[in-house]
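Okay, so here's the structure we're looking at.
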Amino acid sequence: MERGSSEPPTARSASAHAPATPATSSAPSAASAPAASTAPMHIPRSASMSCHTPRSAGAKKRRGASALPRSMSFDPSLLHNNGHTAFANGTGVGIRETGVVEKLLTSYGFIQCSERQARLFFHCSQYNGNLQDLKIGDDVEFEVSLDKRTGKPIAVKLVKIKPEVLPEERISGQVGPDMHASPITKLHGYIHPVVSAIPTHLDGKSAPGQVPTGSVCYERNGVSVFYLTYTPDDVERNMHLDTGDRVSFYMETNKHTGAVSARNIVLVKKKQMRCQGVVCATKEAFGFIERGDVVKEIFFHYSEFKGDLEALQAGDDVEFSIKERNGKEVATDVRLLPQGTVIFEDISIEHFEGTVAKVIPKVPSKNQNDPLPGRIGARINFSEKELPFGEKDTKSKVTLLDGDHVRFNISVDRRDKLERATNIEILPDTFQFTKESREMGVIAAMRDGFGFIKCVDRDARMFFHFSEVLEESPLHISDEVEFTVVPDMLSAQRNHAVRIKKLPKGTVSFHVQSEQRFIGQVDREATPASAAANKNVSPSKAKEKDAEEGVIAYEDCGVKLTVPYYIKDLEGAALPQLGDKVEFSISEVKRTGLQSAVSIKILNRTGNSKRLLGFVATLKDNFGFIETANHDQEIFFHYSEMCGDVDNLELGDTVEYTLSKGKGNKVSAEKVTKVAPVNGIGEDVGTTVLLGKVTRPLRSVDPSQTEYQGLIEVTEEGASKGQSYPFGIVSMASKADCLQKGELVKFQLCTVVHTSQKMACHIVPQRRALVESVKDQFGFITYEVGESKKLFFHVKEVQDGLELQTGDEVEFSVILNQRTGKCSACNVRRVSEGPKPVATPRPERLVNRLKSITLDDASAPRLVIVRQPRGPDNSKGFSIERKARQPGVID
């Protein structure tokens with residue numbers, strides 16, 4: 001025998017079991033058992049049960065092992081009698097039987113007799129040996145006794161029988177994925193079995209008597225496939241086997257059940273497992289994969305990638321094999337997996353709160369090797385823990401400070417069970433924990449990704465990055481914010497704003513305004529920014545500091561004081577003049593403590609300057625003209641004299657102004673203020689609509705003329721035909737419309753209140769012309785404006801979104817760009833469609849000429865090479881001789 005004891009097996013008498021089966025009825029008696037001890041007795045097995053394998057697998061095992069001898073032995077010294085009267089079917093005392101443990105509970109069990117159809121109860125106290133070694137399916141030897149209480153037969157004096165190991169060949173092979181047959185090959189003369197590994201989720205724990213099992217299948221002589229079971233006790237050195245591992249083992253057969261199983265299993269070679277991971281970096285010809293089984297990166301060359309290399313990118317899930325090259329592990333046979341296959345960590349659903357104990361340094365040191373340098377302290381499950389975190393574990397890029405109150409989830413790495421904090425977000429009450437100094441300000445400027453804050457307590461504007469905004473809603477210019485100032489890590493002399501929080505409107509104030517109202521007198525008038533300082537500056541960019549301040553004298557508690565004021569702080573359109581009595585409040589700048597008068601209201605006026613009304617007639621780059629109330633003149637004004645935002649001025653707006661004389665005795669408007677619109681055309685408006693023609697445009701259209709007013713001559717038949725009527729900017733139905741000389745118009749008549757003069761009003765031009773051409777986004781209309789014979793228009797000006805074609809008849813308005821002096825069409829409306837373009841056929845002479853030309857015709861047009869081309873090597877001409885190609889023939 002290759003396994004087991006070298007001594008011959010001890011013989012047992014079976015004469016006591018004569019009534020069990022016909023095979024045992026002729027056996028010798030118990031007295032003659034010693035004489036027959038030299039020959040092993042054949043003990044028939046019961047076919048009523050199988051404890052090792054499923055029915056189908058067990059059948060195969062019994063067929064494959066039916067020709068193998070079976071034997072068992074026991075130690076007579078282990079037999080004893082615990083006070084029971086032993087007998088076999090009532091025939092005598094001390095006769096022992098064999099059986100199989102069918103059921104095993106905590107303190108008792110049942111045995112299925114091998115020689116007869118009987119099922120006996122036994123108590124665990126009757127087992128002679130370590131009860132932990134007894135399992136369901138084990139062969140036992142016992143005596144039969146009667147239970148004194150019930151009178152039923154029971155098994156006593158149990159001894160476990162060790163089955164004999166058959167001296168069969170030792171088989172080696174590999175662990176397979178399941179218990180089904182798979183292709184089997186021979187390697188180095190060994191048979192390759194397929195093993196179904198023992199489940200690892202049981203962790204070695206099972207119910208009493210239930211042992212986890214695996215299975216082995218092997219092939220004999222290339223014909224039959226057999227399946228064998230094994231238990232953890234059958235594996236040498238307690239090695240853990242995985243499906244697909246190559247093993248070698250012995251076979252043994254249970255005499256009573258006929259079940260063949262594997263024993264003395266030795267691991268020959270571990271199966272090469274396919275690993276999974278995520279591509280973490282890609283270079284020109286190679287990359288790295290973060291492995292999913294261990295916390296480690298592995299190198300791979302692009303030649304090992306099986307797929308479209310152009311589609312491979314960092315973050316892709318892959319599977320691969322591992323090989324050793326030059327003493328280092330590398331990934332081979334790399335293949336893509338569906339996205340989301342590889343999972344490194346499990347993130348808790350529950351949220352936790354904690355305090356930042358250590359922040360991640362903005363500029364890592366040279367010795368910084370920890371990928372998770374941050375720390376958060378929290379109380380979890382009634383114990384204090386300090387969890388690490390990295391840069392990618394925060395929900396936003398907002399700067400974290402020591403002591404921040406944060407909320408987070410816990411991530412557990414599946415590979416090394418490392419716990420860390422992730423999805424970290426700052427809680428709103430964190431500023432109560434950090435005790436940091438917070439400042440306020442207003443968003444002054446914004447660029448791509450960054451901006452600047454005008455601070456309440458600092459002169460300099462504070463830089464900030466969009467990533468430092470706590471809320472997800474975007475910021476806008478003039479939004480009020482709260483922030484923390486920290487030094488720049490790259491330059492200690494510079495500061496920047498972090499942890500920016502948006503505040504409600506009205507929270508931030510740069511000034512403190514007194515509730516008390518004061519009465520004073522204008523001691524010096526305030527003036528807008530000087531014309532000299534702003535002659536090359538757009539009015540919208542005029543700075544507040546360029547304006548000259550005024551002075552108000554007042555008394556407070558008997559003390560005479562003065563306070564400056566600015567035009568922007570006036571209430572109403574009127575400008576205070578020297579000696580005017582005013583009421584005001586005092587505002588103090590928080591940052592500097594400077595005071596100024598605000599909310600200034602004029603109480604009475606001591607001067608005699610007269611304020612006039614007019615209408616904006618022209619707007620240029622830095623100046624404009626005002627049409628007088630009589631509509632017969634225009635007054636110059638500079639934008640520096642405008643009280644208010646010049647960008648809000650439009651043609652036809654009503655303004656109030658004061659006349660003054662400058663150099664050369666020229667009259668101009670000062671202190672121009674936009675006021676509420678008034679009816680500039682008078683109240684006496686006729687109902688008759690007349691037709692006329694422009695004989696003289698406004699001076700803004702033709703600056704060469706001396707008169708400001710334009711003239712319209714009545715062309716309609718009637719009593720007023722041939723009469724001319726003046727018009728001004730307020731006469732136009734559309735103030736932006738630019739009337740040209742000779743244009744036809746419809747209009748009405750009105751009477752000027754101050755002069756009782758008749759003038760045209762509600763003028764509507766009657767323009768019709770044809771579309772000359774249409775390009776991509778613009779076109780031209782055949783209409784003469786000044787020296788130009790055609791008028792430009794943009795497709796956005798076409799009403800109803802129609803697509804105009806050449807030849808369409810349109811109505812339109814003409815507007816003058818006050819800054820460039822060029823006219824263009826607007827409000828373009830199609831009146832009628834032009835004729836559809838028809839493709840003109842080729843002239844007959846050209847068709848005949850083309851038909852008559854052949855390649856052999858010497859008189860046909862020829863291509864003459866003026867300059868020979870040069871090749872890459874600076875050689876002239878073509879290296880390959882050109883040949884005439886015949887039509888339809890491919891070389």
Side-chain angles (χ1 to χ4, degrees), residues 540 615-621 624 647-653 677 681 689-703 710 712 715-716 727-748 760-840:
S540 61
F615 309 94
V616 177
T618 307
L619 292 172
K620 298 292 186 182
D621 283 341
D647 290 337
N648 293 332
L649 274 185
E650 294 181 359
L651 293 176
D653 283 349
I681 59 175
V689 178
L690 303 175
L691 295 177
K693 180 174 67 174
V694 178
T695 56
R696 186 178 70 197
L698 291 174
R699 189 180 178 188
S700 59
V701 177
D702 185 8
I712 297 177
T715 58
E716 188 178 7
F727 69 92
I729 190 67
V730 295
S731 302
M732 304 296 299
S734 173
K735 305 298 187 289
D737 210 337
C738 179
L739 285 180
Q740 303 291 321
K741 182 178 180 180
E743 287 191 315
L744 299 179
V745 295
K746 288 182 179 181
F747 65 97
Q748 295 170 269
C761 64
H762 299 162
I763 302 172
V764 178
Q766 302 295 303
R767 300 188 184 98
R768 286 197 178 187
L770 299 179
V771 176
E772 181 189 71
S773 62
V774 179
K775 306 296 183 184
D776 185 19
Q777 295 294 322
F778 61 92
F780 292 93
I781 299 174
T782 306
Y783 190 79
E784 184 175 351
V785 179
E787 297 179 357
S788 178
K789 301 296 182 182
K790 54 186 178 181
L791 185 65
F792 171 88
F793 74 92
H794 197 278
V795 293
K796 292 182 179 179
E797 296 293 342
V798 180
Q799 295 182 0
D800 301 327
L802 297 177
E803 184 176 348
L804 296 181
Q805 302 291 336
T806 301
D808 288 350
E809 186 178 15
V810 293
E811 287 184 349
F812 53 92
S813 299
V814 178
I815 58 173
L816 174 65
N817 189 319
Q818 299 283 351
R819 300 190 177 185
T820 62
K822 294 182 179 180
C823 293
S824 61
C826 67
N827 300 328
V828 182
R829 183 176 67 87
R830 186 169 68 185
V831 179
S832 61
E833 295 187 28
K836 298 296 181 182
V838 180
T840 305

I would like to know whether V694 and Q740 meet side chain to side chain contact (heavy atoms under 4.5 Å, CB included); could you show each step before the answer? CA-CA 7 Å; V694 178; Q740 303 291 321; over 6 Å; no
Rounded to the nearest 0.5 Å, what separation is found between the [atom1] atom of [X] and the [atom2] atom of [Y]?
| X | Y | atom1 | atom2 | value |
| --- | --- | --- | --- | --- |
| E650 | D647 | CD | CG | 11.0 Å |
| D808 | R830 | CG | CZ | 5.0 Å |
| L791 | T782 | CG | OG1 | 10.0 Å |
| S731 | Q748 | OG | CD | 11.5 Å |
| I763 | Q766 | CD1 | CD | 12.0 Å |
| S832 | E809 | OG | CD | 4.0 Å |

For a quick test of reading the model, state the closest non-hydrogen atom pair linking [X] to [Y] and the distance between them.
| X | Y | answer |
| --- | --- | --- |
| P697 | D702 | CG-CB, 4.0 Å |
| L651 | A617 | CD2-O, 3.3 Å |
| C823 | V814 | CB-CG1, 3.8 Å |
| A825 | I781 | CB-CD1, 4.1 Å |
| N827 | S813 | ND2-OG, 4.0 Å |
| F793 | V774 | CZ-CG2, 4.5 Å |

Show every salt bridge (charged side-chain N to carboxylate O under 4.0 Å, His left out) that has at least one partner inside residues 738-747, sequence neighbours left out.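 Of all non-adjacent pairs touching residues 738-747, those that pass salt bridge (charged side-chain N to carboxylate O under 4.0 Å, His left out) are E743-R767.
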Pairing residues for F812 by the ring-ring contact (aromatic ring centres under 6.0 Å, His included) criterion, not counting sequence neighbours: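 If we apply the ring-ring contact (aromatic ring centres under 6.0 Å, His included) test to F812, skipping adjacent residues, the hits are Y783.
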Residues two or more places apart in sequence or in another chain: which of them pass side chain to side chain donor-acceptor pair (under 3.5 Å) with Q799?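 Applying side chain to side chain donor-acceptor pair (under 3.5 Å) to Q799 gives none.
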Can you check whether V771 reaches V810 side chain to side chain, under 4.5 Å on heavy atoms?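 A side-chain contact exists here, since the closest heavy-atom pair is under 4.5 Å.
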